[in-house]
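Below is one structure, written out as structure tokens, with a few remarks after it.
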Amino acid sequence: MQRLYRRCLFKIAINPFSYAVSLSFAVVSALQFFILQQFFTDVGSSDLHRFFSFVPYGCILVIPALGSFCSRPQSDLDLPFSSLEIMAAKTLACFTWMAFSLLLTVCVPAAVSFFGNVEWQSVLCGYLGLLLYAASAVSLAIYFYTLIDSSGFAFICVSIVLAAVNSIHLLSAVVTLPNFLASFVKTVSFAWHFDASGKGIIDTRDIIFYAVSSAAFLFASAWALERKRGLESKKVSLQKILFASACLLLLIDSSRIYSRIDTTARKKFSVSQFSKTLMEEIEEPLSITYYRSRELKNLYPQVKDVQEFLEAYADCSSYVSLSVIEPSGEEMASRLETYGIQGQQIRSTGKNTTSYSTVYSAVVISYLGRSETIPFVLSTNTLEYDLGGRMQALIRNTKRVVQVAVGNGMKLDADYAYVKPWLESQGWTVVQTRFPGEYREQKLLPFTEYPDVPLIVFGSALSSQSDAQALVQRILRGGKTFIATSPYTVDIANDWSVITGDDPFAYQIQTLGLYFKDTLTSDISNTRLSLYSDQRADGSSASVQTQYVNYPLWPVLPSQTNAANGLAMFWPCSLEFDEEVASETGMKISRYLVTSESAWQSKTVDSRFITDPFAVSMHPEAGEESGQSVVACAISDGDGTLNSVIVGDQYAFVAGMMAYSSAPNTLDTRAMEFLSDTLLKITGETALLELKKNTSSDTALSKVTLDELYEKRIPVIALTLMIQLLLVSGAFAAVAILRRKNLEA
């Protein structure tokens, strides 16, 4: 067997096309991730799931090609080995070369690690899944090459079958399948079974599937060779029936009794100790109901992770029960609406038509006659955090309420349109309030009526002196407060001109030892604008042209403790503080957000700020302060408890401004994440915040700036491809030397 394996492997290794196929596979895998996945842009991510997800599809042509290099059906007939030994040697030799091809792709995660955080244990899990996939795919290829005498026709058949078994689970997106058929297409999909490994999960069901399918195709190949040798009857033997039955029973059993190992660094697919401790407080039956549409279950593999996490979550307490319901019909839709659950639209494409379906993936938690809802969940990224906040409210009979006041003339439901729905999705009840000095409108009570409820303030230009004093007094009394403001306003709807004025709060906050600077903060790390024009420089008409301009007055903060993924800001005003003045009031002020080291303070020119993207200075002017600056401060009481946060930017949370920093078809939610995370900190829910951090991965390319990332795209891609070429060349040279020595011997 060993001798036969070495012979088959040598046959592949001496074929120059083997190296060409492996190199092409590695190059295509790297290019699709770096270029097609837009790695070197502002949407780039260190998440390698998309890289791993492509590899099975890249094998559709590679594995049939490798199989053809060791396929010699006629010569196999006279070998002095059993049919099973011959097929096992061929399969193992082809698998070994495929493993070498996969090894070449390790250059991709290695390159990514220089730009962002890479969880190598999850990478190893992904490659383990790829090896299992390769074993099944290679076994399938060898079977077809044994069954079909024509190598060309066998190549076509293997490619078609691999394409089918990789994509068959997507059939549910095109047509509506019965439950049993939808379950079947997922079961036989090679790519579906790889999904868990690509995310860092070792699932025994997937391992057994690949093991059973590999063994099944291996034995089928041996039986096919037996028939060609004239040693096996064409009739179905008892041996085959027993083998098929054993495989089927093993697959069925593995779907009922299985184990999952979470290899991610933060164990984001496992129940944390926080949740286990929280559920120890449950004293009465608590029910969790997962409403999940069948269309989602058939289309998205990650929905499977949601159900399995909920099952593990429910197993932590004997009082907790889990039900999974597939909602259908108007009656169920009406019932879900009572929980505040709205269906989401997904598109299904048929041969000649496109239709839209309403789907649900919501969680309802009921306890002692009260309920909490997670309106829509499609993955486990923040599922445990969402569950934790709602379980905490139910078990401890508390209600998480937050006040929001807008003091710059903008509207909460229009200009700050994302704030309320975002906070509500995080489990908060949002109450709109107002400054005490405002006229009573829409029955909004002033925030002074609820001193114990956390308060969020956007802008303070319209505040009165008494309003400013009320805000400062709230901070001095330890009231939980988040204020995003600046001592000037910007005409964001028109020419972006800056309007300076006497902001009472900016003046009153000085009594705490906190001061707003009289400058605008600029930074080399900033948002790039896409500007459109249909005029030439002389004013004549021309076709629409696009120009990209870096705008330093919209700094992009680097990743830091209080903004893990950074933050896009708009005309921010830096702050400075006097610790001695703060200590006299019994408060302590510290940095909360800072710019990069390349920031500077832009001063006025002729009593006005220059904000025109084409006229603004791209570097510090003479006399302007440069270096890292503070754009948000934390205010704590004497024992260090965080009470308030002051941010020198009232526009980072405006819906229209967030759109500027967003990639196409993707909303930049970093400002909302920062807001909700800070709210958890000032309300003392740090344990819940840690849970959120542990269940979400830091995939930002935080080790470099966006400009550095863009500049390094060509060198990195070139170096990656060069290393792959050197590895292949080295392997080819080693085999050539070994072959020469054997010939000389």
No-hydrogen, no-angle side-chain donor-acceptor test under 3.5 Å, S293 and E326 = no
To the nearest 0.5 Å, atom CD1 of I202 lies from atom CG of L124 at 9.5 Å
Heavy-atom side-chain contact between M98 and I63 under 4.5 Å | yes
Correct closest heavy-atom pair for L218 and S139 would be N-CB, 4.4 Å
Smallest heavy-atom separation, S275 atom then L691 atom, equals OG-CD2, 4.4 Å
After noting the C-alpha distance and the side-chain angles of S22 and L104, does the key distance pass the side chain to side chain contact (heavy atoms under 4.5 Å, CB included) rule?
-> CA-CA 8 Å; S22 297; L104 298 176; 4.2 Å; yes
Check against side chain to side chain donor-acceptor pair (under 3.5 Å), S122 and E119 | CA-CA 5 Å; S122 297; E119 296 183 4; 3.2 Å; yes
With ring centroids as reference points, do F39 and F33 lie under 6.0 angstrom apart?
-> yes
Donor on one side chain, acceptor on other, H49 and D195, under 3.5 Å = yes
For Y291 and Y360, run ring pair (Phe, Tyr, Trp, His ring centres under 6.0 Å): C-alpha distance rounded to whole Å, both residues' side-chain angles, the deciding distance at 0.1 Å, then the answer.
-> CA-CA 6 Å; Y291 294 95; Y360 297 89; 8.2 Å; no
Is the backbone N or O of A65 less than 3.5 Å from a side-chain atom of S68, with the two atoms forming a donor-acceptor pair by type?
-> yes
Taking all atoms of both residues into account, what is the closest heavy-atom pair of C157 and F144, and its distance?
-> CB-CD2, 4.0 Å
Any Y313 side-chain heavy atom under 4.5 Å of L322 side chain | no
Verify, without hydrogens or angle tests, whether S46 (side chain) and N117 (backbone) share a donor-acceptor contact under 3.5 angstrom.
-> yes
Do the side chains of L310 and L387 get nearer than 4.5 Å, heavy atoms only?
-> yes
Taking C-beta and beyond as the side chain, do F194 and L132 meet within less than 4.5 Å on heavy atoms?
-> no
Interatomic spacing from CG in L725 to OG in S729 - rounded to 0.5 Å = 4.0 Å
Aromatic ring proximity, centroids under 6.0 angstrom, W97 and Y19 = yes
Rounded to the nearest 0.5 Å, the OG1 atom of T264 sits from the CD1 atom of I201 at a distance of 7.5 Å
Heavy-atom closest pair, residues S151 and Y145 | O-CE2, 3.6 Å
CZ of F217 to OG1 of T146: how many Å apart, nearest 0.5 Å?
-> 12.0 Å
V123 and L48: CA distance, side-chain angles, deciding distance, side chain to side chain contact (heavy atoms under 4.5 Å, CB included) verdict = CA-CA 8 Å; V123 171; L48 290 166; 3.7 Å; yes
Please confirm whether the backbone N or O of A164 pairs with a side-chain atom of S167, one donor and one acceptor, at under 3.5 Å?
-> no
Any side-chain heavy atom of C59 within less than 4.5 Å of one from Y133?
-> yes
dist C107:SG -> L721:CG (nearest 0.5 Å) comes out at 9.0 Å
Under 3.5 Å, side chain of Q32 to main-chain N/O of Q37, donor-acceptor pair present?
-> no
Just wondering, are more than 12 heavy atoms of other shown residues or ligands nearer than 6.0 Å to CZ in F10?
-> yes
In plain terms, say whether K90 and E85 are close enough for a salt bridge, that is, a side-chain N and a carboxylate O under 4.0 Å apart.
-> no
Looking at F52 and G198, what are the two nearest heavy atoms and their distance?
-> CD1-O, 4.1 Å
Can you check side chain to side chain contact (heavy atoms under 4.5 Å, CB included) on F40 and I717, steps first, answer last?
-> CA-CA 10 Å; F40 295 101; I717 293 176; 3.8 Å; yes
Got a sec: does the CE of M332 have more than 12 other heavy atoms crowding it under 6.0 Å?
-> yes
Backbone of S136 reached by a side-chain donor or acceptor of S214 within 3.5 Å | yes
May I ask you to check whether Y127 and T105 show a side-chain donor-acceptor distance below 3.5 Å?
-> yes
Output for pair (D386 CG, T380 OG1), nearest 0.5 Å, gives 11.0 Å
Could you check if a side-chain atom of Q724 sits within less than 4.5 angstrom of a side-chain atom of L727, using non-hydrogen atoms only?
-> no
Correct closest heavy-atom pair for A111 and T720 would be CB-OG1, 4.0 Å
Step-by-step side chain to side chain donor-acceptor pair (under 3.5 Å) determination, T96 to Y5 | CA-CA 10 Å; T96 302; Y5 161 71; 2.9 Å; yes
Within the side chain of S18, is there an N or O that forms a donor-acceptor pair under 3.5 Å with the backbone of A13?
-> no
Do F51 and S29 come close enough that some side-chain heavy atom pair is under 4.5 Å?
-> yes
D315 vs V320, side chain to side chain contact (heavy atoms under 4.5 Å, CB included): CA-CA, chis, key distance, verdict = CA-CA 7 Å; D315 288 341; V320 180; over 6 Å; no
Less than 4.5 Å apart, any side-chain heavy atom of Y290 and any of V306?
-> yes
